[in-house]
There are 2 protein chains.
Amino acid sequence: MRSSAKPPSATLPAKPRRRAARAPAPKPYHHGDLRRVLIDAALQLVGEGGSDAVSVREAARRAGVSPGAPFRHFPSRDALMNAVAEEAQRRFRAEIEALLAEAPANNPLGRFRCLGLAYLRWAMKNPTHFEIISSRRFFDHDKAAGVSQDNAELIDLTERTLAEAFAQGQLRPADLKQVQIAGRALVYGFARMNIDGHFPRWGVAGADAERTAEGILDLFIEGIAKVPSKSA
Amino acid sequence: MRSSAKPPSATLPAKPRRRAARAPAPKPYHHGDLRRVLIDAALQLVGEGGSDAVSVREAARRAGVSPGAPFRHFPSRDALMNAVAEEAQRRFRAEIEALLAEAPANNPLGRFRCLGLAYLRWAMKNPTHFEIISSRRFFDHDKAAGVSQDNAELIDLTERTLAEAFAQGQLRPADLKQVQIAGRALVYGFARMNIDGHFPRWGVAGADAERTAEGILDLFIEGIAKVPSKSA
DNA sequence: AATCCGTGTAATCGATGCTTACATTCACAA
DNA sequence: TTGTGAATGTAAGCATCGATTACACGGATT
(Lines give C-alpha, C1' and ligand atoms only; values in the text may rest on other atoms or scores of the structure.)
Protein backbone atom coordinates (compact mmCIF):
# COMPACT_ATOMS: atom_id res chain seq x y z
CA MET A 1 0.00 0.00 0.00
CA ARG A 2 1.28 3.37 -0.87
CA SER A 3 -0.31 5.11 2.05
CA SER A 4 -3.31 6.24 0.06
CA ALA A 5 -6.09 3.71 0.43
CA LYS A 6 -5.61 2.26 3.85
CA PRO A 7 -8.70 2.14 6.02
CA PRO A 8 -8.21 2.92 9.69
CA SER A 9 -8.62 -0.65 10.74
CA ALA A 10 -12.20 -0.41 11.84
CA THR A 11 -12.26 -3.60 13.84
CA LEU A 12 -10.02 -4.28 16.77
CA PRO A 13 -10.95 -7.12 19.08
CA ALA A 14 -11.59 -4.74 21.96
CA LYS A 15 -8.26 -5.40 23.49
CA PRO A 16 -8.57 -5.92 27.23
CA ARG A 17 -5.80 -5.23 29.70
CA ARG A 18 -4.43 -6.23 33.07
CA ARG A 19 -2.88 -9.56 33.79
CA ALA A 20 -0.63 -11.11 36.43
CA ALA A 21 -1.69 -13.11 39.48
CA ARG A 22 -4.60 -15.34 38.58
CA ALA A 23 -7.33 -13.12 37.30
CA PRO A 24 -8.57 -14.08 33.80
CA ALA A 25 -5.50 -12.43 32.29
CA PRO A 26 -7.09 -10.71 29.33
CA LYS A 27 -3.98 -9.10 27.87
CA PRO A 28 -0.89 -11.15 28.34
CA TYR A 29 2.29 -9.34 27.53
CA HIS A 30 3.30 -12.14 25.31
CA HIS A 31 0.94 -12.89 22.52
CA GLY A 32 0.15 -16.54 22.30
CA ASP A 33 1.33 -17.25 18.82
CA LEU A 34 1.92 -13.95 17.13
CA ARG A 35 3.66 -15.42 14.14
CA ARG A 36 0.67 -17.53 13.28
CA VAL A 37 -1.78 -14.71 13.90
CA LEU A 38 0.22 -12.34 11.74
CA ILE A 39 0.22 -14.77 8.86
CA ASP A 40 -3.51 -15.22 9.19
CA ALA A 41 -4.09 -11.49 9.34
CA ALA A 42 -1.92 -10.97 6.29
CA LEU A 43 -3.69 -13.77 4.49
CA GLN A 44 -6.95 -12.08 5.26
CA LEU A 45 -5.64 -8.76 4.01
CA VAL A 46 -4.58 -10.44 0.82
CA GLY A 47 -8.06 -11.81 0.45
CA GLU A 48 -9.54 -8.38 0.98
CA GLY A 49 -7.43 -6.24 -1.25
CA GLY A 50 -4.68 -8.20 -2.91
CA SER A 51 -1.06 -8.35 -2.03
CA ASP A 52 -0.68 -4.60 -2.08
CA ALA A 53 -3.17 -4.31 0.73
CA VAL A 54 -0.83 -6.05 3.12
CA SER A 55 1.05 -3.79 5.44
CA VAL A 56 3.01 -4.89 8.44
CA ARG A 57 1.40 -2.23 10.56
CA GLU A 58 -2.10 -3.25 9.64
CA ALA A 59 -1.34 -6.87 10.37
CA ALA A 60 0.06 -5.81 13.73
CA ARG A 61 -3.01 -3.71 14.32
CA ARG A 62 -5.30 -6.64 13.69
CA ALA A 63 -3.22 -8.78 15.95
CA GLY A 64 -3.58 -6.13 18.62
CA VAL A 65 0.11 -5.59 18.90
CA SER A 66 2.57 -2.75 18.46
CA PRO A 67 3.87 -1.84 15.01
CA GLY A 68 7.35 -3.09 15.76
CA ALA A 69 6.33 -6.46 17.13
CA PRO A 70 6.04 -8.30 13.81
CA PHE A 71 9.68 -7.66 13.14
CA ARG A 72 10.52 -10.05 15.95
CA HIS A 73 9.10 -12.79 13.78
CA PHE A 74 9.73 -11.50 10.29
CA PRO A 75 12.81 -9.48 9.48
CA SER A 76 11.00 -7.67 6.70
CA ARG A 77 7.67 -7.29 5.06
CA ASP A 78 8.85 -9.58 2.30
CA ALA A 79 9.59 -12.26 4.85
CA LEU A 80 6.03 -12.00 6.08
CA MET A 81 4.79 -12.27 2.53
CA ASN A 82 6.95 -15.31 2.06
CA ALA A 83 5.28 -16.98 4.96
CA VAL A 84 1.89 -16.01 3.60
CA ALA A 85 2.78 -17.43 0.22
CA GLU A 86 3.95 -20.60 1.85
CA GLU A 87 0.67 -21.01 3.66
CA ALA A 88 -1.35 -20.30 0.54
CA GLN A 89 0.71 -22.74 -1.47
CA ARG A 90 0.15 -25.40 1.14
CA ARG A 91 -3.60 -24.98 0.88
CA PHE A 92 -3.41 -24.92 -2.88
CA ARG A 93 -1.53 -28.18 -3.05
CA ALA A 94 -3.77 -29.82 -0.50
CA GLU A 95 -6.89 -29.08 -2.49
CA ILE A 96 -5.36 -30.12 -5.78
CA GLU A 97 -4.32 -33.48 -4.41
CA ALA A 98 -7.64 -33.96 -2.72
CA LEU A 99 -9.46 -33.49 -6.00
CA LEU A 100 -7.01 -35.70 -7.80
CA ALA A 101 -7.66 -38.49 -5.34
CA GLU A 102 -11.19 -38.75 -6.68
CA ALA A 103 -10.05 -39.19 -10.26
CA PRO A 104 -9.92 -42.69 -11.77
CA ALA A 105 -6.48 -44.15 -11.42
CA ASN A 106 -6.36 -45.96 -14.72
CA ASN A 107 -6.80 -42.99 -17.03
CA PRO A 108 -3.70 -40.79 -16.98
CA LEU A 109 -5.01 -38.30 -19.48
CA GLY A 110 -8.16 -38.01 -17.42
CA ARG A 111 -6.05 -37.39 -14.37
CA PHE A 112 -4.08 -34.81 -16.29
CA ARG A 113 -7.31 -33.07 -17.10
CA CYS A 114 -8.37 -33.32 -13.49
CA LEU A 115 -5.15 -31.66 -12.41
CA GLY A 116 -5.72 -28.81 -14.79
CA LEU A 117 -9.29 -28.40 -13.70
CA ALA A 118 -8.42 -28.42 -10.02
CA TYR A 119 -5.73 -25.85 -10.69
CA LEU A 120 -8.15 -23.61 -12.52
CA ARG A 121 -10.90 -23.98 -9.99
CA TRP A 122 -8.73 -23.08 -7.06
CA ALA A 123 -7.28 -20.14 -8.93
CA MET A 124 -10.73 -18.85 -9.82
CA LYS A 125 -11.96 -19.29 -6.30
CA ASN A 126 -8.99 -17.74 -4.53
CA PRO A 127 -7.63 -15.21 -7.00
CA THR A 128 -5.76 -13.09 -4.51
CA HIS A 129 -4.13 -16.03 -2.85
CA PHE A 130 -3.26 -17.45 -6.20
CA GLU A 131 -1.66 -14.19 -7.13
CA ILE A 132 0.83 -14.20 -4.34
CA ILE A 133 1.91 -17.77 -4.85
CA SER A 134 2.44 -17.17 -8.54
CA SER A 135 4.43 -13.98 -8.52
CA ARG A 136 8.03 -14.54 -7.65
CA ARG A 137 8.11 -11.11 -6.18
CA PHE A 138 7.64 -12.87 -2.88
CA PHE A 139 9.61 -15.76 -1.48
CA ASP A 140 13.11 -15.56 -2.83
CA HIS A 141 13.41 -19.11 -4.07
CA ASP A 142 16.27 -19.48 -1.63
CA LYS A 143 14.19 -18.67 1.36
CA ALA A 144 10.71 -20.09 1.62
CA ALA A 145 11.78 -23.46 0.35
CA GLY A 146 8.41 -24.82 1.28
CA VAL A 147 6.68 -23.03 -1.54
CA SER A 148 9.18 -24.07 -4.11
CA GLN A 149 9.06 -27.64 -2.94
CA ASP A 150 5.29 -27.90 -2.88
CA ASN A 151 5.19 -26.39 -6.31
CA ALA A 152 7.97 -28.54 -7.68
CA GLU A 153 6.24 -31.66 -6.47
CA LEU A 154 3.04 -30.58 -8.12
CA ILE A 155 4.94 -30.05 -11.33
CA ASP A 156 6.53 -33.44 -11.03
CA LEU A 157 3.13 -34.94 -10.52
CA THR A 158 1.77 -33.49 -13.73
CA GLU A 159 4.90 -34.50 -15.55
CA ARG A 160 4.54 -38.10 -14.43
CA THR A 161 0.86 -38.10 -15.26
CA LEU A 162 1.53 -36.80 -18.71
CA ALA A 163 4.29 -39.33 -19.28
CA GLU A 164 1.92 -42.11 -18.26
CA ALA A 165 -0.68 -40.86 -20.65
CA PHE A 166 1.88 -40.92 -23.39
CA ALA A 167 3.12 -44.36 -22.43
CA GLN A 168 -0.45 -45.66 -22.63
CA GLY A 169 -0.78 -44.25 -26.11
CA GLN A 170 -3.28 -41.57 -25.22
CA LEU A 171 -1.27 -38.77 -26.82
CA ARG A 172 -0.20 -37.87 -30.28
CA PRO A 173 3.54 -37.88 -30.76
CA ALA A 174 4.96 -34.67 -29.38
CA ASP A 175 7.67 -33.17 -27.25
CA LEU A 176 6.28 -33.93 -23.82
CA LYS A 177 8.20 -31.13 -22.19
CA GLN A 178 6.67 -28.61 -24.51
CA VAL A 179 3.25 -30.09 -24.01
CA GLN A 180 3.70 -29.69 -20.31
CA ILE A 181 4.87 -26.11 -20.57
CA ALA A 182 2.09 -25.28 -22.97
CA GLY A 183 -0.44 -26.77 -20.60
CA ARG A 184 0.96 -24.82 -17.74
CA ALA A 185 1.00 -21.61 -19.73
CA LEU A 186 -2.61 -22.22 -20.66
CA VAL A 187 -3.96 -22.69 -17.17
CA TYR A 188 -1.66 -20.12 -15.65
CA GLY A 189 -2.59 -17.63 -18.31
CA PHE A 190 -6.27 -18.22 -17.80
CA ALA A 191 -5.97 -17.85 -14.06
CA ARG A 192 -3.92 -14.72 -14.52
CA MET A 193 -6.39 -13.25 -16.97
CA ASN A 194 -8.94 -13.56 -14.23
CA ILE A 195 -6.72 -11.95 -11.64
CA ASP A 196 -5.66 -9.16 -13.94
CA GLY A 197 -9.18 -8.33 -14.92
CA HIS A 198 -9.10 -9.38 -18.56
CA PHE A 199 -12.32 -11.30 -18.51
CA PRO A 200 -14.80 -8.47 -18.94
CA ARG A 201 -13.09 -7.54 -22.15
CA TRP A 202 -13.41 -11.10 -23.35
CA GLY A 203 -17.03 -11.40 -22.50
CA VAL A 204 -16.39 -13.92 -19.78
CA ALA A 205 -18.61 -13.20 -16.84
CA GLY A 206 -18.12 -14.69 -13.41
CA ALA A 207 -20.55 -17.52 -13.96
CA ASP A 208 -19.18 -18.39 -17.37
CA ALA A 209 -15.66 -18.47 -16.10
CA GLU A 210 -15.65 -22.00 -14.82
CA ARG A 211 -17.39 -23.30 -17.90
CA THR A 212 -14.95 -21.49 -20.13
CA ALA A 213 -12.08 -22.84 -18.09
CA GLU A 214 -13.31 -26.33 -18.69
CA GLY A 215 -13.79 -25.54 -22.34
CA ILE A 216 -10.29 -24.35 -23.07
CA LEU A 217 -8.83 -27.19 -21.06
CA ASP A 218 -10.72 -29.71 -23.14
CA LEU A 219 -9.76 -27.89 -26.29
CA PHE A 220 -6.13 -28.20 -25.33
CA ILE A 221 -6.45 -31.84 -24.44
CA GLU A 222 -8.20 -32.61 -27.67
CA GLY A 223 -5.32 -30.97 -29.40
CA ILE A 224 -2.77 -33.28 -27.87
CA ALA A 225 -4.84 -36.44 -27.58
CA LYS A 226 -4.43 -39.22 -30.08
CA VAL A 227 -7.94 -39.48 -31.42
CA PRO A 228 -9.16 -35.95 -31.96
CA SER A 229 -12.66 -36.77 -30.74
CA LYS A 230 -12.10 -39.03 -27.82
CA SER A 231 -11.16 -37.62 -24.47
CA ALA A 232 -13.60 -34.77 -24.17
CA MET B 1 8.01 1.57 -3.26
CA ARG B 2 7.82 0.69 0.33
CA SER B 3 10.70 2.89 1.31
CA SER B 4 13.19 0.08 1.45
CA ALA B 5 14.92 -0.37 -1.89
CA LYS B 6 14.97 3.01 -3.41
CA PRO B 7 18.32 4.17 -4.74
CA PRO B 8 19.18 7.82 -4.27
CA SER B 9 18.68 8.58 -7.91
CA ALA B 10 22.32 8.44 -8.90
CA THR B 11 21.88 9.74 -12.41
CA LEU B 12 20.27 12.95 -13.36
CA PRO B 13 20.33 13.61 -17.08
CA ALA B 14 21.98 16.97 -16.66
CA LYS B 15 18.60 18.56 -16.59
CA PRO B 16 18.11 20.55 -19.74
CA ARG B 17 17.81 24.22 -19.21
CA ARG B 18 17.43 27.20 -21.35
CA ARG B 19 14.67 28.30 -23.55
CA ALA B 20 12.82 31.59 -23.87
CA ALA B 21 14.29 34.94 -24.89
CA ARG B 22 17.99 34.52 -25.50
CA ALA B 23 19.83 34.98 -22.23
CA PRO B 24 21.48 31.80 -20.82
CA ALA B 25 18.74 31.33 -18.22
CA PRO B 26 20.17 28.19 -16.62
CA LYS B 27 17.05 26.96 -14.92
CA PRO B 28 13.82 28.02 -16.49
CA TYR B 29 11.06 28.12 -13.98
CA HIS B 30 8.77 26.31 -16.32
CA HIS B 31 9.90 22.97 -17.52
CA GLY B 32 9.55 22.51 -21.24
CA ASP B 33 7.28 19.51 -21.36
CA LEU B 34 7.19 18.05 -17.91
CA ARG B 35 4.35 15.69 -18.60
CA ARG B 36 6.22 13.97 -21.38
CA VAL B 37 9.45 13.86 -19.39
CA LEU B 38 7.68 12.37 -16.41
CA ILE B 39 6.17 9.61 -18.48
CA ASP B 40 9.56 8.83 -19.97
CA ALA B 41 11.19 8.80 -16.57
CA ALA B 42 8.51 6.53 -15.21
CA LEU B 43 8.81 4.29 -18.23
CA GLN B 44 12.51 4.07 -17.58
CA LEU B 45 11.91 3.27 -13.93
CA VAL B 46 9.55 0.52 -14.95
CA GLY B 47 12.24 -0.85 -17.20
CA GLU B 48 14.73 -0.78 -14.38
CA GLY B 49 12.80 -2.29 -11.54
CA GLY B 50 9.25 -3.08 -12.52
CA SER B 51 6.13 -1.16 -11.73
CA ASP B 52 6.87 -1.08 -8.02
CA ALA B 53 10.01 0.87 -8.68
CA VAL B 54 8.04 3.82 -9.93
CA SER B 55 7.60 6.60 -7.45
CA VAL B 56 6.33 10.03 -8.25
CA ARG B 57 9.17 11.57 -6.33
CA GLU B 58 11.83 9.68 -8.17
CA ALA B 59 10.30 10.61 -11.50
CA ALA B 60 10.26 14.23 -10.36
CA ARG B 61 13.85 13.89 -9.24
CA ARG B 62 14.93 12.65 -12.62
CA ALA B 63 13.03 15.41 -14.28
CA GLY B 64 14.87 17.86 -12.05
CA VAL B 65 11.71 19.17 -10.54
CA SER B 66 10.16 19.48 -7.11
CA PRO B 67 8.24 16.55 -5.61
CA GLY B 68 4.93 18.32 -5.93
CA ALA B 69 5.28 19.33 -9.53
CA PRO B 70 4.09 16.07 -11.11
CA PHE B 71 0.74 16.47 -9.46
CA ARG B 72 0.06 19.40 -11.73
CA HIS B 73 -0.02 16.92 -14.57
CA PHE B 74 -1.20 13.76 -12.87
CA PRO B 75 -3.66 13.91 -9.99
CA SER B 76 -2.26 10.72 -8.53
CA ARG B 77 0.44 8.17 -8.94
CA ASP B 78 -2.08 5.88 -10.57
CA ALA B 79 -2.82 8.52 -13.14
CA LEU B 80 0.85 8.64 -14.00
CA MET B 81 0.93 4.89 -14.28
CA ASN B 82 -2.07 5.06 -16.55
CA ALA B 83 -0.20 7.33 -18.87
CA VAL B 84 2.80 5.06 -18.75
CA ALA B 85 0.64 2.06 -19.54
CA GLU B 86 -0.90 3.94 -22.41
CA GLU B 87 2.49 4.71 -23.87
CA ALA B 88 3.68 1.14 -23.46
CA GLN B 89 0.53 -0.19 -25.04
CA ARG B 90 1.01 2.11 -27.97
CA ARG B 91 4.49 0.78 -28.58
CA PHE B 92 3.29 -2.76 -28.14
CA ARG B 93 0.58 -2.40 -30.72
CA ALA B 94 2.86 -0.60 -33.14
CA GLU B 95 5.38 -3.41 -33.11
CA ILE B 96 2.78 -6.12 -33.39
CA GLU B 97 1.23 -4.53 -36.42
CA ALA B 98 4.61 -3.87 -37.97
CA LEU B 99 5.50 -7.54 -37.72
CA LEU B 100 2.12 -8.57 -38.98
CA ALA B 101 2.59 -6.42 -42.04
CA GLU B 102 5.38 -8.73 -43.14
CA ALA B 103 3.23 -11.83 -42.95
CA PRO B 104 1.67 -13.23 -46.11
CA ALA B 105 -1.82 -11.91 -46.60
CA ASN B 106 -3.37 -15.05 -48.01
CA ASN B 107 -2.73 -17.39 -45.11
CA PRO B 108 -4.93 -16.43 -42.16
CA LEU B 109 -3.68 -19.19 -39.93
CA GLY B 110 -0.13 -18.14 -40.66
CA ARG B 111 -1.06 -14.61 -39.76
CA PHE B 112 -2.64 -15.84 -36.58
CA ARG B 113 0.60 -17.54 -35.75
CA CYS B 114 2.50 -14.40 -36.59
CA LEU B 115 0.32 -12.43 -34.21
CA GLY B 116 1.02 -14.85 -31.43
CA LEU B 117 4.71 -14.84 -32.11
CA ALA B 118 4.91 -11.07 -32.22
CA TYR B 119 3.00 -10.93 -28.97
CA LEU B 120 5.36 -13.36 -27.32
CA ARG B 121 8.49 -11.73 -28.65
CA TRP B 122 7.55 -8.29 -27.46
CA ALA B 123 6.56 -9.64 -24.08
CA MET B 124 9.85 -11.49 -23.71
CA LYS B 125 11.80 -8.47 -24.77
CA ASN B 126 10.02 -5.91 -22.63
CA PRO B 127 8.83 -7.87 -19.64
CA THR B 128 8.42 -4.94 -17.30
CA HIS B 129 6.52 -2.89 -19.83
CA PHE B 130 4.40 -5.87 -20.66
CA GLU B 131 3.61 -6.27 -17.01
CA ILE B 132 2.10 -2.87 -16.59
CA ILE B 133 -0.07 -3.08 -19.68
CA SER B 134 -1.40 -6.45 -18.62
CA SER B 135 -2.31 -5.85 -15.02
CA ARG B 136 -5.55 -3.98 -14.63
CA ARG B 137 -4.21 -2.50 -11.46
CA PHE B 138 -3.38 0.52 -13.57
CA PHE B 139 -5.66 2.44 -15.91
CA ASP B 140 -9.18 2.15 -14.65
CA HIS B 141 -10.82 1.06 -17.87
CA ASP B 142 -12.87 4.22 -17.62
CA LYS B 143 -9.87 6.44 -17.70
CA ALA B 144 -7.03 5.68 -20.06
CA ALA B 145 -9.35 4.75 -22.87
CA GLY B 146 -6.39 4.62 -25.17
CA VAL B 147 -5.04 1.44 -23.67
CA SER B 148 -8.35 -0.31 -23.74
CA GLN B 149 -8.94 0.75 -27.30
CA ASP B 150 -5.54 -0.30 -28.58
CA ASN B 151 -5.96 -3.59 -26.87
CA ALA B 152 -9.49 -4.11 -28.03
CA GLU B 153 -8.47 -3.47 -31.60
CA LEU B 154 -5.69 -6.01 -31.34
CA ILE B 155 -8.17 -8.50 -30.00
CA ASP B 156 -10.53 -7.77 -32.84
CA LEU B 157 -7.70 -8.27 -35.25
CA THR B 158 -6.92 -11.73 -33.95
CA GLU B 159 -10.58 -12.56 -33.90
CA ARG B 160 -10.98 -11.63 -37.53
CA THR B 161 -7.85 -13.47 -38.48
CA LEU B 162 -9.03 -16.58 -36.75
CA ALA B 163 -12.44 -16.33 -38.36
CA GLU B 164 -10.81 -16.06 -41.76
CA ALA B 165 -8.72 -19.11 -41.08
CA PHE B 166 -11.84 -20.98 -40.18
CA ALA B 167 -13.69 -19.72 -43.22
CA GLN B 168 -10.87 -20.95 -45.42
CA GLY B 169 -11.11 -24.36 -43.87
CA GLN B 170 -7.81 -24.22 -42.07
CA LEU B 171 -9.26 -25.17 -38.71
CA ARG B 172 -10.94 -28.18 -37.23
CA PRO B 173 -14.50 -27.55 -36.18
CA ALA B 174 -14.47 -25.79 -32.82
CA ASP B 175 -15.96 -22.97 -30.84
CA LEU B 176 -13.96 -20.09 -32.25
CA LYS B 177 -14.45 -17.98 -29.20
CA GLN B 178 -12.95 -20.62 -27.00
CA VAL B 179 -10.12 -21.13 -29.40
CA GLN B 180 -9.38 -17.46 -29.21
CA ILE B 181 -9.50 -17.34 -25.45
CA ALA B 182 -7.36 -20.43 -25.19
CA GLY B 183 -4.82 -18.92 -27.53
CA ARG B 184 -4.76 -15.76 -25.53
CA ALA B 185 -4.43 -17.63 -22.28
CA LEU B 186 -1.54 -19.56 -23.76
CA VAL B 187 0.54 -16.62 -24.90
CA TYR B 188 -0.43 -14.49 -21.94
CA GLY B 189 0.41 -17.28 -19.58
CA PHE B 190 3.75 -17.86 -21.20
CA ALA B 191 4.62 -14.19 -21.08
CA ARG B 192 3.51 -14.03 -17.50
CA MET B 193 5.51 -17.06 -16.54
CA ASN B 194 8.52 -15.19 -17.78
CA ILE B 195 7.67 -12.06 -15.85
CA ASP B 196 6.86 -13.92 -12.70
CA GLY B 197 10.08 -15.88 -12.77
CA HIS B 198 8.68 -19.34 -13.43
CA PHE B 199 11.12 -20.25 -16.16
CA PRO B 200 14.07 -21.36 -14.07
CA ARG B 201 11.89 -23.93 -12.41
CA TRP B 202 10.82 -25.20 -15.82
CA GLY B 203 14.29 -25.41 -17.17
CA VAL B 204 13.72 -22.65 -19.66
CA ALA B 205 16.78 -20.45 -19.81
CA GLY B 206 16.85 -17.06 -21.43
CA ALA B 207 18.11 -18.29 -24.75
CA ASP B 208 15.64 -21.17 -24.93
CA ALA B 209 12.75 -18.92 -24.14
CA GLU B 210 12.07 -17.71 -27.63
CA ARG B 211 12.46 -21.17 -29.09
CA THR B 212 10.13 -22.61 -26.49
CA ALA B 213 7.67 -19.82 -27.16
CA GLU B 214 7.61 -20.78 -30.80
CA GLY B 215 7.29 -24.41 -29.86
CA ILE B 216 4.23 -24.10 -27.70
CA LEU B 217 2.62 -21.77 -30.19
CA ASP B 218 3.05 -24.33 -32.94
CA LEU B 219 1.84 -27.04 -30.65
CA PHE B 220 -1.31 -25.07 -30.04
CA ILE B 221 -1.84 -24.33 -33.69
CA GLU B 222 -1.34 -27.93 -34.64
CA GLY B 223 -3.98 -28.75 -32.11
CA ILE B 224 -6.57 -26.56 -33.74
CA ALA B 225 -5.52 -26.89 -37.37
CA LYS B 226 -7.41 -29.17 -39.69
CA VAL B 227 -4.63 -31.46 -40.80
CA PRO B 228 -2.56 -32.22 -37.73
CA SER B 229 0.68 -32.00 -39.68
CA LYS B 230 0.16 -29.10 -41.98
CA SER B 231 0.51 -25.59 -40.69
CA ALA B 232 3.67 -25.89 -38.64
C1' DA C 1 1.61 47.19 -20.71
C1' DA C 2 -1.43 44.89 -17.30
C1' DT C 3 -3.54 40.94 -16.09
C1' DC C 4 -4.68 35.99 -15.73
C1' DC C 5 -3.90 31.45 -15.32
C1' DG C 6 -1.01 27.46 -16.15
C1' DT C 7 2.88 25.62 -13.97
C1' DG C 8 6.52 24.94 -10.54
C1' DT C 9 8.15 25.49 -5.30
C1' DA C 10 7.99 25.06 -0.34
C1' DA C 11 6.13 23.26 3.49
C1' DT C 12 3.42 19.98 5.57
C1' DC C 13 0.47 15.73 6.75
C1' DG C 14 -0.31 10.96 7.50
C1' DA C 15 1.10 6.44 6.22
C1' DT C 16 4.58 3.03 5.63
C1' DG C 17 8.96 -0.13 6.48
C1' DC C 18 12.48 -0.65 9.51
C1' DT C 19 15.79 0.15 13.57
C1' DT C 20 17.20 0.86 18.28
C1' DA C 21 16.69 1.10 23.20
C1' DC C 22 14.01 -0.49 26.75
C1' DA C 23 10.41 -3.40 29.30
C1' DT C 24 8.29 -7.65 30.44
C1' DT C 25 7.78 -12.48 30.97
C1' DC C 26 8.80 -17.25 30.14
C1' DA C 27 11.72 -21.26 30.74
C1' DC C 28 15.41 -23.53 32.48
C1' DA C 29 18.98 -24.29 35.90
C1' DA C 30 21.08 -24.02 40.45
C1' DT D 1 12.17 -22.05 45.19
C1' DT D 2 14.64 -18.72 43.16
C1' DG D 3 17.69 -16.30 39.53
C1' DT D 4 19.02 -15.34 35.37
C1' DG D 5 19.17 -15.16 30.35
C1' DA D 6 16.72 -15.49 26.12
C1' DA D 7 12.50 -14.57 23.81
C1' DT D 8 9.15 -11.39 22.82
C1' DG D 9 6.60 -7.13 22.97
C1' DT D 10 6.63 -1.70 23.50
C1' DA D 11 8.04 3.06 22.61
C1' DA D 12 10.12 6.19 20.00
C1' DG D 13 12.16 7.66 15.97
C1' DC D 14 14.17 7.81 11.02
C1' DA D 15 13.62 8.01 6.08
C1' DT D 16 10.62 7.64 2.18
C1' DC D 17 6.39 7.90 0.02
C1' DG D 18 1.80 9.97 -1.86
C1' DA D 19 -0.90 13.82 -1.52
C1' DT D 20 -2.52 18.64 -0.28
C1' DT D 21 -2.13 23.60 0.34
C1' DA D 22 -0.39 28.25 0.01
C1' DC D 23 2.57 30.79 -2.57
C1' DA D 24 5.74 32.36 -6.60
C1' DC D 25 6.82 32.80 -11.21
C1' DG D 26 6.10 33.91 -16.02
C1' DG D 27 4.13 33.18 -20.77
C1' DA D 28 0.14 34.45 -23.36
C1' DT D 29 -4.06 37.20 -24.07
C1' DT D 30 -6.14 41.30 -24.09
Side-chain angles (χ1 to χ4, degrees), chain A residues 1-9 15 17-23 25-38 41-42 45 49 51-82 137-138, chain B residues 1-9 15-23 25-38 41-42 45 49 51-82 84 137-138:
Chain A
M1 174 110 338
R2 252 190 170 86
S3 88
S4 31
K6 175 138 297 285
S9 163
K15 55 177 131 173
R17 48 222 50 195
R18 193 90 0 104
R19 154 220 33 162
R22 60 213 51 199
K27 174 76 188 235
Y29 185 90
H30 284 77
H31 194 289
D33 185 1
L34 184 55
R35 184 187 160 86
R36 174 87 246 149
V37 171
L38 286 172
L45 285 170
S51 48
D52 282 354
V54 179
S55 81
V56 176
R57 288 180 118 95
E58 178 62 20
R61 226 168 276 139
R62 298 201 176 189
V65 103
S66 79
F71 291 91
R72 289 289 175 196
H73 300 269
F74 305 99
S76 70
R77 176 184 183 274
D78 279 355
L80 171 59
M81 295 304 288
N82 286 3
R137 206 183 339 176
F138 317 110
Chain B
M1 176 104 340
R2 253 186 171 88
S3 88
S4 30
K6 174 136 298 281
S9 165
K15 49 184 132 169
R17 47 217 53 187
R18 188 113 346 119
R19 170 211 28 143
R22 60 211 55 204
K27 173 77 187 229
Y29 188 89
H30 285 77
H31 193 289
D33 185 0
L34 183 55
R35 184 188 159 87
R36 175 87 245 150
V37 172
L38 285 172
L45 284 171
S51 49
D52 282 354
V54 179
S55 81
V56 177
R57 288 179 116 94
E58 178 63 20
R61 228 169 274 136
R62 299 199 175 190
V65 104
S66 79
F71 291 90
R72 290 288 177 200
H73 299 268
F74 305 98
S76 70
R77 175 184 183 274
D78 279 354
L80 171 59
M81 294 305 288
N82 286 2
V84 170
R137 204 183 339 173
F138 318 110

Residues in side-chain contact (heavy atoms from CB on, under 4.5 Å) contact with A:Ser66, at least two apart in sequence or another chain: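 Checked A:Ser66 against side-chain contact (heavy atoms from CB on, under 4.5 Å); matches are A:Ala69.
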For atom [atom1] of [X] and atom [atom2] of [N], their distance in whole Å:
| X | N | atom1 | atom2 | result |
| --- | --- | --- | --- | --- |
| A:Phe74 | C:dT16 | CZ | C1' | 18 Å |
| A:Arg72 | C:dC26 | CZ | P | 16 Å |
| A:Arg61 | C:dG14 | CZ | C1' | 11 Å |
| A:Arg35 | D:dA7 | CZ | P | 15 Å |
| A:Met81 | C:dT16 | CE | C1' | 15 Å |
| A:Asn82 | C:dG17 | CG | C1' | 15 Å |
| A:Phe71 | D:dA11 | CZ | C1' | 15 Å |
| A:Asp52 | D:dG18 | CG | P | 13 Å |

Tell me, with the steps shown, if B:Asn82 and B:Phe74 meet side-chain contact (heavy atoms from CB on, under 4.5 Å). CA-CA 9 Å; B:Asn82 286 2; B:Phe74 305 98; over 6 Å; no
Interatomic distance, B:Arg77 atom CZ to B:Ser55 atom OG [nearest 0.5 angstrom]: 8.0 Å
Can you tell me how far apart CG (B:Leu34) and NE2 (B:His73) are? Round to the nearest 0.5 Å.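 These two atoms lie 4.0 Å from each other.
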The criterion is salt bridge (charged side-chain N to carboxylate O under 4.0 Å, His left out); which residues satisfy it with B:Arg36, sequence neighbours excluded?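 Result, salt bridge (charged side-chain N to carboxylate O under 4.0 Å, His left out) vs B:Arg36: B:Asp40, B:Glu87.
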Please determine if a side-chain N or O atom of [X] lies less than 4.0 Å away from the OP1 or OP2 oxygen of [N].
| X | N | answer |
| --- | --- | --- |
| A:Arg77 | C:dA15 | no |
| A:His73 | D:dG9 | yes |
| A:Ser55 | C:dT16 | yes |

Check every atom of C:dT9, D:dC17, D:dG13 against the side chain of B:Arg57 and return the nucleotide holding the closest atom. D:dC17
Counting heavy atoms from C-beta on, name the nucleotide in D:dT10, D:dC17, C:dT9 closest to the side chain of B:Ser66.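 The answer is C:dT9, which lies nearest to the side chain.
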More 5' along DNA chain D: A:Leu34 or B:Pro67, using each one's nearest nucleotide?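 Its nucleotide being nearer the 5' end, the pick is A:Leu34.
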